[in-house]
Amino acid sequence: MPELPEVEVVRRGLNEHLVGRTITGVRVHHPRAVRRHDAGPADLTARLLGARITGTDRRGKYLWLLLNTDEALVVHLGMSGQMLLGELPDTRHLRIAAVLDDGTKISFVDQRTFGGWQLTDLVAVDGSVLPVPVAHLARDPLDPRFDAESVIEVLRRKRSEVKRQLLDQTVVSGIGNIYADEALWRAGIRGTRMADRLSRPRLRALLAAAAEVMNDALAAGGTSFDSLYVNVNGESGYFSRSLDAYGREDEPCRRCGTPIRRAKFMNRSSYFCPNCQR
DNA sequence: TATATCTCCTGCGGGC
DNA sequence: TGCCCGCAGGAGATAT
């Protein structure tokens with residue numbers, strides 16, 4: 001499942017191969033993949049033709065290609081989206097295909113169709129220039145201008161479980177279910193604890209753990225449990241071997257040996273150590 | 001206004 | 001073998 005580290009790996013791959021190139025062809029194979037582009041597939045296709053890619057950027061789980069038209073092509077991978085370069089061995093889940101002036105083929109493949117492309121304007125927000133659909137997101141822990149202390153103040157006002165807040169992209173972006181569980185495990189905090197009942201040092205440790213676990217995952221090329229997350233070359237990351245909590249139900253906690261427990265939370269699974277996450 | 005829940009979607013695995 | 005059901009979960013829409 002692509003979260004911040006996986007999206008960043010993909011962005012780096014796209015940055016390496018696409019910047020400076022001009023889009024010469026676009027074909028939308030599945031309308032749902034462009035459902036957030038209000039003007040529809042034909043408009044997206046027409047406006048992308050002839051546009052030159054001048055850069056790439058990312059906030060949280062969103063990445064975008066900057067265009068010479070002063071617009072951005074926003075890409076969200078959803079749960080299973082892939083941005084693949086080159087020939088496609090299997091076109092079953094191909095949603096959008098594009099071609100560049102040097103012949104490079106870009107395929108947006110997305111089995112579960114939660115992801116998509118959207119062409120939007122840019123706006124200035126809090127010292128950053130962002131695509132409109134990304135403007136409401138908080139900075140992520142890997143952002144050089146991420147301000148942990150202000151996030152802590154937000155969390156201290158939330159009468160809600162701390163894991164729920166970690167997953168709220170307007171509080172802190174980039175964290176999904178996997179890295180939320182991993183950060184909570186590293187910080188020794190149960191996700192069901194109310195955010196406003198946690199001390200500032202505990203919240204500080206939690207945000208530091210989130211940044212740490214995502215940096216570790218980035219260094220490993222991202223997390224992969226199956227073929228749903230791959231980089232632009234179709235390769236999986238290796239960080240799943242390093243997960244301490246997520247997906248380890250009944251396996252011994254690497255800190256205290258207590259079996260990791262799984263519980264339903266927000267209609268999804270949470271993994272935690274019942275002994276050292278109190 | 002703040003917080004919680006529902007919904008979208010596809011493929012896989014388990015149970016019958 | 002075939003069918004049904006639950007599960008995976010990001011984020012916008014809707015409900016409380």
Side-chain angles (χ1 to χ4, degrees), chain A residues 1-8 10-11 28-38 58-64 74-83 90-96 108-118 120 130-138 140 151 153-184 191-197 210 214 217 222-230 236 240 243 245-250 261-272:
Chain A
M1 316 301 171
E3 297 183 28
L4 187 157
E6 291 75 35
V7 176
E8 175 60 16
V10 171
R11 186 202 65 78
V28 176
H29 290 264
H30 197 303
R32 192 174 145 77
V34 295
R35 65 193 179 284
R36 293 195 180 92
H37 186 78
D38 294 335
R58 180 195 56 74
R59 175 169 286 192
K61 302 169 201 169
Y62 286 83
L63 69 87
W64 58 93
V74 179
V75 177
H76 196 286
L77 300 178
M79 287 181 60
S80 55
Q82 302 173 355
M83 289 284 281
D90 175 3
T91 58
R92 257 185 313 170
H93 302 118
L94 175 63
R95 308 307 185 198
I96 307 170
F108 180 68
V109 173
D110 189 10
Q111 180 194 99
R112 296 179 193 170
T113 69
F114 276 46
W117 287 14
Q118 183 179 12
T120 81
L130 302 169
V132 172
V134 181
H136 68 290
L137 297 185
D140 61 65
V151 175
E153 291 313 309
V154 171
L155 290 170
R156 296 270 295 171
R157 291 194 298 269
K158 295 288 188 179
R159 302 188 65 172
S160 173
E161 296 103 325
V162 68
K163 181 174 178 182
R164 191 183 291 277
Q165 296 308 313
L166 283 182
L167 296 173
D168 185 336
Q169 305 297 299
T170 65
V171 173
V172 52
S173 68
I175 302 176
N177 198 44
I178 297 171
Y179 294 116
D181 279 359
E182 291 302 304
L184 287 162
T192 49
R193 287 287 304 274
M194 300 300 279
D196 64 350
R197 306 299 292 173
M214 289 197 287
T223 300
S224 177
F225 300 98
D226 46 39
S227 60
L228 289 183
Y229 159 68
V230 294
S236 294
S240 57
L243 294 176
Y246 187 87
R248 298 192 64 243
E249 184 181 16
D250 295 333
R261 195 179 293 169
R262 179 166 76 109
K264 272 284 175 194
F265 181 77
M266 290 176 70
N267 217 17
R268 56 207 56 185
S269 290
S270 280
Y271 297 86
F272 61 94

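Per chain, numbering begins at 1; letters A, B, ... match sequence-line order. Side chains are part of it too, since the values below use all heavy atoms of this structure and drop only hydrogens, waters and symmetry mates.
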Fill in the blank from the handout: Those residues at least two apart in sequence (or on a different chain) that pass side chain to side chain donor-acceptor pair (under 3.5 Å) with His93(A) are none

Practice task
For side-chain contact (heavy atoms from CB on, under 4.5 Å), just list the numbers for Arg59(A) and Asp140(A), CA-CA rounded to whole Å, side-chain angles, deciding distance to a tenth of an Å, and then say yes or no.
Solution key: CA-CA 7 Å; Arg59(A) 175 169 286 192; Asp140(A) 61 65; 4.2 Å; yes

Handout entry: Pairwise distance CZ(Arg159(A)) to CZ(Arg197(A)) - rounded to 0.5 angstrom
Key = 8.5 Å

Exercise for the section: Tell me whether the OP1 or OP2 atom of dG12(C) has a side-chain N or O from Tyr62(A) closer than 4.0 Å. Expected result: yes

Problem - Atom-to-atom span, CZ of Arg36(A) to C1' of dA11(C) - whole angstrom - result: 6 Å

Exercise for the section: Nearest whole angstrom, please: distance from the P of dA11(C) to the CG of Asp168(A). Expected result: 10 Å

Exercise for the section: Look at all strands and tell whether Arg35(A) reaches a base, only sugar-phosphate, or nothing, counting heavy atoms closer than 4.0 Å. Expected result: nothing

Problem - Spacing of Arg112(A) atom CZ relative to dG6(C) atom C1', expressed in whole Å - result: 13 Å

Exercise for the section: Mark yes or no for whether Arg268(A), through its side chain, and Asn177(A), through its backbone, hold a donor-acceptor pair below 3.5 Å. Expected result: no

Exercise for the section: Would you kindly give the CG-to-C1' distance between Asn267(A) and dG12(C), to the nearest whole Å? Expected result: 16 Å

Practice task
Give a yes/no answer on whether the side chain of His76(A) brings an N or O atom under 4.0 Å of OP1 or OP2 in dG10(C).
Solution key: no

Practice task
Starting from the first five and the last five pairs of the helix from dA2(B)-dT16(C) to dC16(B)-dG2(C), work out the angle between the resulting helix axes, to 10 degrees.
Solution key: 50°

Handout entry: Straight-line distance of Leu77(A) CG to Glu6(A) CD, nearest 0.5 Å
Key = 9.5 Å

Exercise for the section: Nearest-nucleotide wise, let me know which of Glu161(A) and Arg95(A) is further upstream toward the 5' end of DNA chain B. Expected result: Glu161(A)

Problem - Nearest-Å distance for atom pair CG/P, residues Leu137(A) and dG12(C) - result: 7 Å

Practice task
Using a strict 4.0 Å threshold on nitrogen-to-oxygen distance, state whether Asp181(A) and Lys163(A) make a salt bridge.
Solution key: yes

Practice task
May I ask you to check whether over 12 heavy atoms, not counting those of Arg32(A), lie within 6.0 Å of atom CZ?
Solution key: yes

Handout entry: Sugar-phosphate, base or nothing in reach of Arg159(A), heavy atoms under 4.0 Å
Key = sugar-phosphate

Handout entry: Between C1' of dC7(C) and CD of Gln111(A), the distance in whole Å
Key = 13 Å

Fill in the blank from the handout: Tyr179(A) atom OH is separated from dA8(C) atom C1', nearest whole Å, by 16 Å

Exercise for the section: In whole angstrom, give the distance that lies between atom CE of Met266(A) and atom P of dG12(C). Expected result: 13 Å

Exercise for the section: Shoot me the first and last contacting nucleotide of DNA chain B against chain A, ordered 5' to 3', at under 4.0 angstrom to non-hydrogen atoms. Expected result: dT3(B) to dG11(B)

Exercise for the section: Establish, with yes or no, whether the OP1 or OP2 oxygen of dA11(C) is under 4.0 angstrom from a side-chain nitrogen or oxygen of His136(A). Expected result: no

Problem - side chain to side chain donor-acceptor pair (under 3.5 Å) involving Arg92(A) - partner list, sequence neighbours excluded - result: Asp90(A)

Practice task
List for me each residue that meets side chain to side chain contact (heavy atoms under 4.5 Å, CB included) alongside Glu8(A), sequence neighbours excluded, and say none if there are none.
Solution key: Arg11(A), Arg12(A), Arg58(A), Leu218(A)

Problem - side chain to side chain donor-acceptor pair (under 3.5 Å) involving Thr170(A) - partner list, sequence neighbours excluded - result: Asp168(A)

Exercise for the section: For Gln165(A) and for His93(A), locate the closest nucleotide of DNA chain B by heavy-atom distance; then report the residue assigned to the nucleotide nearer the 5' terminus. Expected result: Gln165(A)

Practice task
Would you indicate, yes or no, if dC7(C) has its OP1 or OP2 atom less than 4.0 angstrom from a side-chain nitrogen or oxygen of Ser269(A)?
Solution key: no

